[in-house]
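Only this structure's heavy atoms are used, side chains among them; waters, hydrogens and symmetry mates stay out. Throughout, protein chains are lettered first and strands after them, A, B, ... in sequence-line order, and every chain is numbered starting at 1. Not measured: the values here are computed from a predicted model.
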Amino acid sequence: MSSILPRAFYERPVVEVARSLIGKRLVRRMDGDILAGIILETEAYDGEQDQACHAHSGKTRRNAAMYGPAGHAYIYFTYGMHWLLNCVTGPEEYPAAVLIRALTPVQGLELIARNRQPIAPAHWCDGPAKLTRAFSINGELNGYDLCRGAGELSIMDGIPIPTEDVQATPRIGINYAGEPWKSMPWRFVCTTRPDETPAIIN
DNA sequence: TCTTCGATTGTCT
DNA sequence: GACAATCGAAGAA
């Protein structure tokens, strides 16, 4: 029986949270259905000084959720068609968040399959905008409290991932940011292939 | 008000 | 490997 990650989990430095989120379970509840997946890839965005962070030029309506309390969702729309899911970390009024970039589905596969048709299972959730579509996550959940019990969206204990299976690399798609931000190794990837991850038991 | 461009994906060559 | 799709937010005017 897995449990919801406490708010204290998110009230830590964002890079630390990003690393520890690998292997955790993202859970989406809707209309009595439950979708779940194990997080395989994350990225950390740390404060207004981080040029790659949406908050680098101050607080706006779009990024306001990042300035809120830790443990809430920051979901935004980009490229005119994609929703991306982040979770807010650190102290309130300090804008930092972890982008969930990829996961492997473990529950509610039929519904996920329907959301992602006709894409092959291996590519259902292997990108930040893909997993939001697979899990029916959009702007309505922006600011949602991930620590809320039995809520629509939460993150729970998952499977243990050995430290050596988590690789740190520079972040993706932020060429507009200057150094040193562009090269900060704040992207965390689980190097264990999804089809090799241990089976999940409820 | 106008212009630019993005924490990307999917399709086509 | 290259590029179009597509629209809201941000910054400039």
Looking at B/dA7, does its base get a donor-acceptor pair with the side chain of A/H82 below 3.5 Å? no
Within the structure shown, what part of the strands sits under 4.0 Å from A/L99 by heavy-atom distance: base, sugar-phosphate, or nothing? base
Check: A/N115/A/S136 side-chain N/O donor and acceptor closer than 3.5 Å: yes
When you match A/G80 and A/K130 each to their closest nucleotide on DNA chain B, which lands nearer the 5' end? A/G80
Parallel, tilted or perpendicular, judged at 30° and 60°: which one describes the rings of A/F77 and A/W83? tilted
Base of C/dA5 and ring of A/Y79 stacked, centres under 5.5 Å, planes under 30°: no
Ring of A/Y176 versus six-membered ring of B/dG6: centres under 5.5 Å and planes under 30°? no
From the list A/K24, A/R187, A/K130, salt bridge (charged side-chain N to carboxylate O under 4.0 Å, His left out) with A/E41 holds only for A/R187
For A/Q117 and B/dT9, what is the distance between atoms CD and C1' respectively, to the nearest whole Å? 17 Å
Nearest whole angstrom, please: distance from the P of C/dA9 to the CG of A/N63. 11 Å
Output yes when at least one side-chain N/O atom of A/S57 is less than 4.0 Å from OP1 or OP2 of C/dG11, else no. yes
Ion pair A/D33/A/R29, N-O distance below 4.0 Å: no
A/R133 side chain near B/dT8 phosphate (N/O to OP1/OP2, under 4.0 Å): no
For the C1' atoms, the ones on C/dC3 and on B/dC5, what distance do you get once it is rounded to whole angstrom? 16 Å
Measure from NZ on A/K59 to P on C/dA10 and round the result to the nearest Å. 13 Å
Just to be sure I understand the rule, does A/R171 reach a base, reach only the sugar-phosphate, or reach nothing, if contact means heavy atoms closer than 4.0 Å? nothing
For atom CG of A/L85 and atom P of B/dT8, their distance in whole Å: 14 Å
What's the closest nucleotide to the A/P128 side chain, out of C/dA10, B/dT8, C/dG11? B/dT8
Per A/F77 side chain, nearest of listed nucleotides B/dA7, C/dG8, C/dA5: C/dG8
In whole Å, I'd like the distance from the NE2 atom of A/H56 to the C1' atom of B/dC5. 12 Å
Rounded to the Å, how far apart are A/E43 CD and B/dT8 P? 7 Å
Per atom distances to the A/I119 side chain, the nearest of B/dT8, B/dG10, C/dA9 is B/dG10
Expressed in angstrom and rounded to an integer, what is the separation of A/N138 atom CG from C/dG8 atom P? 14 Å
Applying the Watson-Crick and G-U wobble criteria at under 3.5 Å, what pairs with C/dC7? Answer none if nothing qualifies. B/dG6
Salt-bridge criterion met for A/R171 and A/E43 (N-O under 4.0 Å): no
Under 4.0 Å between a side-chain N or O of A/R116 and OP1 or OP2 of B/dG10? yes
Nucleotide B/dT9, atom C1' - distance to CH2 of A/W83 in whole Å: 16 Å
Please confirm whether A/R7 makes a cation-pi placement over A/F9, using NZ or CZ under 6.0 Å from the six-membered ring centre and within 45° of the ring normal. no
Among B/dT8, C/dT6, C/dA10, which nucleotide has an atom closest to any side-chain atom of A/M81? C/dT6
